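Reading through the structure tokens given below for one structure.
Only this structure's heavy atoms are used, side chains among them; waters, hydrogens and symmetry mates stay out. All residue numbers refer to positions in the sequence shown, counting from 1. Because the structure is a prediction, the values reported are computed rather than measured.
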Amino acid sequence: MSTIAQRLILSVLVALPVVLSSAGPAFAAKPPDACGVVTKDEAAKALGVPIVGMKARLLGASSMCTIKGAGAFKAIAVTTYGWSSVPEAQSAFASILSSTAQMGQPSVALHGLGDQAQQIGTNVYVRKGTAAYVFNVIDGSVGPAHDAKSVALAKSVVKHIR
């Protein structure tokens, strides 16, 4: 199996606990529109290619946006969640991080990004107020340089989220 295919499979597996956890009652508020939080310019900068499409969908109590860049294996996945209060958001976000970290991926706290932020594997998880955002840049690259792309995208987006 190619490295790119392995990375895509791993990205899905790392995100799976987040998707599964969204079905519970802890997600009481409508999530932010995942396609509305990332601009095409931000996405193009993260991927290094023009954006050719954005597709939104609701997955349980979450909103997901798949952003497709020109070329093979050029995409961004953004997932958002919403809660009705900050304490609910803090508790649910901690649960999401805990269940995702159990997948055995490296976990790094990201200070100064939203109210809470963590990078687990290739995903960047950010909580700001009563909402959470998950960013994953998929471009076929691997290692620290790749991971930095998801962090840079999250930093860019979180600056303009209210």
For residues [X] and [Y], report the shortest heavy-atom separation together with the two atoms involved.
X      : Y      : value
Met54  : Cys35  : CE-O, 3.6 Å
Pro31  : Thr80  : CB-O, 3.5 Å
Arg57  : Thr66  : NH2-OG1, 3.6 Å
Tyr81  : Ser62  : CE2-CB, 3.3 Å
Lys155 : Leu113 : CA-CD1, 3.6 Å
Ala154 : Val126 : CB-CG2, 4.3 Å

Once you round to the nearest 0.5 Å, how far does [atom1] of [X] lie from [atom2] of [Y]?
X      : Y      : atom1 : atom2 : result
Leu97  : Gln116 : CG    : CD    : 7.0 Å
Tyr125 : Ser150 : OH    : OG    : 10.5 Å
Ile76  : Ile138 : CD1   : CD1   : 9.0 Å
Phe135 : Ser156 : CZ    : OG    : 9.0 Å
Asn136 : Asn123 : CG    : CG    : 4.5 Å
Trp83  : Thr130 : CH2   : OG1   : 8.5 Å

Practice item. Assess the side chains of His160 and Glu42: does a donor N or O sit below 3.5 Å from an acceptor N or O? Key: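 Short answer, yes.
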
Has [X] got a side-chain atom pairing as donor or acceptor with [Y]'s backbone, closer than 3.5 angstrom?
X      : Y      : answer
Lys68  : Gly71  : yes
His111 : Ala117 : no
Ser91  : Glu88  : no

Practice item. I would like to know whether Thr100 and Ile96 meet side chain to side chain contact (heavy atoms under 4.5 Å, CB included); could you show each step before the answer? Key: CA-CA 6 Å; Thr100 305; Ile96 288 170; 4.1 Å; yes

Check your understanding: Under 4.0 Å between a Lys/Arg side-chain N and an Asp/Glu carboxylate O for Asp115 and Lys128?
Key -> no

**Study point:** From CA spacing to verdict: side chain to side chain contact (heavy atoms under 4.5 Å, CB included), Ile67, Lys74
**Key:** CA-CA 8 Å; Ile67 304 166; Lys74 299 285 187 179; over 6 Å; no

Exercise for review: Evaluate side-chain hydrogen bond (donor to acceptor under 3.5 Å, both in side chains) for Thr39 paired with Asp41, printing each intermediate quantity in order.
Suggested key: CA-CA 5 Å; Thr39 68; Asp41 287 342; 5.3 Å; no

Practice item. Mind running side chain to side chain contact (heavy atoms under 4.5 Å, CB included) on Tyr133 and Ile161 for me, showing each step along the way? Key: CA-CA 10 Å; Tyr133 307 84; Ile161 292 174; 3.2 Å; yes

Review point. Heavy-atom distance under 4.5 Å between the side chains of Gln119 and Asp147, does that happen here?
Key: yes

Practice item. Would you check, one step at a time, whether the test side chain to side chain contact (heavy atoms under 4.5 Å, CB included) holds for Val134 with Val124? Key: CA-CA 6 Å; Val134 183; Val124 174; over 6 Å; no

Check your understanding: Passes side-chain hydrogen bond (donor to acceptor under 3.5 Å, both in side chains), Gln118 versus Ser107? Steps please.
Key -> CA-CA 7 Å; Gln118 194 85 13; Ser107 179; 2.6 Å; yes

